Amino acid sequence: MEKIANPSAPPLGKEDIERRGMQLMDGGTNSVEAMQALTGMEDAFRQRGDLNGWSDEIMSKIDKCFVKNYHSSEGICETLFFPDNADNQNRFTQYCSDVDQVLRTNIRLVPKYAREYFAYYTVWKHHGYAFPMPLGTASVIEALNTLMSRYQDGMREVSRVFSLLLHIHATNHVP
Amino acid sequence: MIEKLDRQLAMAVFRFLSRNEVLESRRATDEELLLEIVDELRDALEEDIRNPTNEEDDPLTMYPTFMKTLQQKANEYKDIPRYRKLCSVPSFALALVMASRIRGHYTHSSWFKITYLYRMLDVHGAVSESTMHGFLTI
């Protein structure tokens, strides 16, 4: 949220960011060009803004976008935080559209360049994420905890495998 | 009168006066204590943000005042397991304090309770990047 509150004007406009983001996500021949075009955004995105620019009201509206798209009568969507999953990506696309609408309809109540920096944030592959990441509002944190608690054994298993890999890596590289 | 003191002392006096130490019928709740700890840690974090170090890789070395205050809190609450645990996992505490900077949204959420956070810590724990790095270079 600090980065999206960045007070400096971004080097690209929202439409440009979205177009380049699409090219990058599609992974076609234009992706290298898109990557270069987004370099300026990467530098700008390092700067942080004032968190006081986010009111409770706006945070609550953004949070509701998450609840609307990732919750159902059966509870939290199981595909959240899941890599290469069409359902998760479709939900994220709708979530981004809803959040952008919140930012657009409350333009005077949000940081000046929030729409541009949010558009850049949504190019999740460019930020090194393995799956789409909704903004970390209160319900997202709760959902993360719910899913991790539900799959504790799975988490431990992954963790143990990961530790084993680290151990092998370490023992193979010690002189 | 409080305003005449320097900022840090003024905040300490203000929080001391706000704390209920007397009335048995209106005792401070667990959540008020949690908020008090988070507030103090946030003051430390904001001081670090105002005076940035050159460290950029590890968030935990970027915020020395926060880390020092967290250590003090861990010692202060060493006899209360829930708070001790919270103050003994720096990456978790840092994330919580970072989140508390947008105060109402997170501190009024259903999970901002010490019992809930304690369960979160119990399930997830934390492995910082520097620990991983240390493990890789053993």
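Just so it is clear: chains get the letters A, B, ... in the order the sequence lines come, proteins before strands, and each one is counted from 1. Note that the structure is predicted; figures quoted are calculated from it, not measured. Hydrogens, waters and symmetry mates are skipped; everything else that's a heavy atom, side chains included, is used.
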* **Donor on one side chain, acceptor on other, Glu142(A) and Ser110(B), under 3.5 Å** => yes

* Give a yes or no on whether Lys78(B) atom NZ has more than 12 heavy-atom contacts from other residues, nucleotides or ligands under 6.0 Å away. => no

* Asked: When clusters are formed by joining ILVMFWY residues with side-chain heavy atoms under 4.5 Å apart, either directly or through shared neighbours, do Met22(A) and Leu24(A) land in the same one?
  -> no

* Can you say whether Glu2(A) sits under 4.5 Å from chain B via the side chain, the backbone, both, or neither, judging by heavy atoms? -> side chain

* Asked: Roughly how far, to the nearest 0.5 Å, is the CE atom of Met59(A) from the CD1 atom of Ile102(B)?
  -> 4.0 Å

* Asked: Under a 4.5 Å heavy-atom cut-off, does chain A meet the side chain of Phe112(B), its backbone, both or neither?
  -> neither

* To do: Give a yes or no on whether Lys14(A) atom NZ has more than 12 heavy-atom contacts from other residues, nucleotides or ligands under 6.0 Å away.
  => yes

* Side chain, backbone, both or neither: which part of Ser55(A) has an atom under 4.5 Å from a heavy atom of chain B? -> neither

* To do: Might you confirm whether atom CG of Asn75(B) has over 12 heavy atoms from other residues, nucleotides or ligands at distances under 6.0 Å?
  => yes

* To do: Mind checking the OG-CG spacing from Ser109(B) to Asp63(A)? Nearest 0.5 Å is all I need.
  => 9.0 Å

* Asked: At their closest point, which heavy atom of Met98(B) faces which heavy atom of Leu51(A), and how far apart are they?
  -> O-CD1, 4.4 Å

* Taking a hydrophobic cluster as the set of Ile, Leu, Val, Met, Phe, Trp and Tyr residues connected by side-chain heavy atoms closer than 4.5 Å, whether directly or through intermediates, do Val38(B) and Tyr118(B) fall within one such cluster? -> no

* CZ/Phe131(A): more than 12 non-hydrogen atoms of other groups inside 6.0 Å -> yes

* To do: Carefully, step by step, assess Asn145(A) and Trp111(B) under the rule side-chain contact (heavy atoms from CB on, under 4.5 Å).
  => CA-CA 10 Å; Asn145(A) 180 52; Trp111(B) 50 261; over 6 Å; no

* Structure fact -> d(Arg101(B) CZ, Asn52(A) CG) to nearest 0.5 Å is 8.5 Å

* Specify which of Ala138(A), Gly136(A), Ser60(A) makes the most heavy-atom pairs with chain B at under 4.5 Å. => Ala138(A)

* To do: With rounding to the nearest 0.5 Å, note down the distance linking CZ in Arg119(B) to OG in Ser149(A).
  => 8.5 Å

* For the hydrophobic clusters of this structure (ILVMFWY residues joined by side-chain heavy atoms under 4.5 Å, transitively), does one cluster hold both Ile4(A) and Tyr129(A)? -> yes

* **Lys3(A) NZ: over 12 foreign heavy atoms closer than 6.0 Å** => yes

* To do: Show the numbers, then the answer: is there a side-chain contact (heavy atoms from CB on, under 4.5 Å) between His105(B) and Trp54(A)?
  => CA-CA 10 Å; His105(B) 181 67; Trp54(A) 296 107; over 6 Å; no

